[in-house]
Amino acid sequence: MLTEALKTEMLAVARAARAAAYAPYSKYFVGAALLGEDGRIFGGCNVENAAFPEGVCAEAGALSAMVLAGVRKAQAVLVVGAGSHLITPCGGCRQKLREFAQPDSFQVLAVNEDGQEQQWTLAELLPHSFGPEHFS
């Protein structure tokens with residue numbers, strides 16, 4: 001489980017990432033904060049383009065930053081979207097996260113603009129998933 005201090009730090013990173021998002025088409029700005037196994041937090045934001053919907057999700061951006069930094073395992077992700085609804089990673093990002101996470105222990109946190117939050121494990125959001133161990 002994540003401490004309140006760590007959640008607060010992740011939320012700050014996700015909100016800052018959301019503020020930097022590029023979403024001129026959907027106008028739906030998303031930020032993500034990914035906690036690497038080494039304790040570092042990596043931010044990501046959604047980036048759209050004119051060939052909508054061929055953009056990049058916030059979680060994918062955070063994963064790229066984590067991998068670029070040499071980290072190969074993640075512990076948790078926190079996602080912040082617009083409005084009062086809680087959002088979770090899309091199906092594609094759930095699979096991308098699965099590549100770098102243990103489904104039963106990886107935490108997915110969603111926080112809305114009002115500060116309401118909910119938490120799941122990746123296994124709850126992506127049951128019976130396909131992962132790297134299937135190639136062993």
Side-chain angles (χ1 to χ4, degrees):
M1 292 306 257
L2 300 173
T3 65
E4 285 304 313
L6 192 51
K7 279 200 271 189
T8 299
E9 189 177 350
M10 290 177 72
L11 182 57
V13 169
R15 283 183 171 154
R18 182 175 175 260
Y22 180 76
Y25 306 102
S26 72
K27 308 285 191 245
Y28 194 79
F29 301 89
V30 180
L34 185 67
L35 178 63
E37 68 179 342
D38 64 353
R40 286 187 285 173
I41 298 171
F42 302 93
C45 62
N46 60 320
V47 179
E48 296 177 350
N49 67 64
F52 189 75
E54 292 299 319
V56 176
C57 295
E59 300 88 340
L63 277 169
S64 291
M66 183 187 82
V67 169
L68 179 62
V71 179
R72 296 295 187 263
K73 294 288 181 192
Q75 300 178 51
V77 68
L78 187 148
V79 183
V80 176
S84 61
H85 294 286
L86 293 169
I87 63 165
T88 61
C90 72
C93 284
R94 292 176 191 193
Q95 186 63 48
K96 288 175 182 76
L97 290 164
R98 170 65 174 89
E99 187 71 17
F100 300 95
Q102 293 299 316
D104 292 330
S105 60
F106 185 84
Q107 299 297 303
V108 178
L109 294 90
V111 180
N112 68 10
E113 288 181 336
D114 301 325
Q116 296 173 320
E117 67 178 62
Q118 191 165 348
Q119 185 170 318
W120 304 266
T121 64
L122 185 58
E124 290 173 313
L125 296 178
L126 189 65
H128 313 290
S129 65
F130 183 80
E133 70 278 2
H134 287 89
F135 290 100
S136 300

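All heavy atoms count here, side chains included; hydrogens, waters and symmetry mates do not. Note that the coordinates shown come from a computational prediction; the quantities given were computed from them, not determined experimentally.
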Exercise. Val30 versus Arg18: any side-chain heavy-atom pair under 4.5 Å?
Worked result: no
Exercise. Any side-chain heavy atom of Phe100 within less than 4.5 Å of one from Val67?
Worked result: yes
Exercise. If you group Ile, Leu, Val, Met, Phe, Trp and Tyr by side-chain heavy-atom gaps below 4.5 Å, do Met66 and Leu122 land in one group?
Worked result: yes
For this session: Return yes if a side-chain donor-acceptor contact under 3.5 Å exists between Arg94 and Thr88, otherwise no.
Result: yes
For this session: For Glu4 and Lys7, run salt bridge (charged side-chain N to carboxylate O under 4.0 Å, His left out): C-alpha distance rounded to whole Å, both residues' side-chain angles, the deciding distance at 0.1 Å, then the answer.
Result: CA-CA 5 Å; Glu4 285 304 313; Lys7 279 200 271 189; 3.2 Å; yes
Problem set entry | Whether over 12 other heavy atoms sit under 6.0 Å from Glu113 CD | yes
Exercise. Going by heavy atoms in the side chains, are Gln119 and Val108 under 4.5 Å from each other?
Worked result: no
For this session: Kindly indicate whether the side chain of Val77, heavy atoms from C-beta on, has any atom under 4.5 Å from the side chain of Phe106.
Result: yes
For this session: State whether the side chain of Glu124 and the backbone N or O of Thr121 hold a donor-acceptor pair below 3.5 Å, judged by distance alone.
Result: yes
Exercise. How many angstroms lie between SG in Cys45 and CZ in Phe29, if you round to the nearest 0.5 Å?
Worked result: 10.0 Å
Seminar exercise, completed: What one should report as the nearest heavy-atom pair of Met10 and Leu78 is CE-N, 3.8 Å
Problem set entry | Same apolar cluster (I L V M F W Y, side chains within < 4.5 Å links), Val71/Leu6 | no
Seminar exercise, completed: Minimal heavy-atom distance between Arg40 and Ala69, with the atoms involved, is NH2-O, 3.4 Å
Problem set entry | Donor-acceptor under 3.5 Å (Asp114 side chain, Gln116 main chain) | no
Exercise. Which distance, rounded to the nearest 0.5 Å, do you find between the CG of Leu35 and the CD of Glu9?
Worked result: 9.0 Å
Exercise. So with a 6.0 Å cut-off around NE2 of His134, is the heavy-atom count from everything else above 12?
Worked result: yes
For this session: Please check if the side chain of Glu48 supplies one atom and the backbone of Ser26 the other of a donor-acceptor pair under 3.5 Å.
Result: yes
Problem set entry | Arg98 bridged to Glu59 by N-O distance under 4.0 Å | no
For this session: On the 0 to 90° scale, with breaks at 30° and 60°, tag the Phe135-Phe130 ring pair as parallel, tilted or perpendicular.
Result: perpendicular
Problem set entry | Test item: Glu37 side-chain N/O and Ala74 main-chain N/O as donor-acceptor pair under 3.5 Å | no
Problem set entry | Minimum side-chain heavy-atom gap Tyr28-Ile87 below 4.5 Å | yes
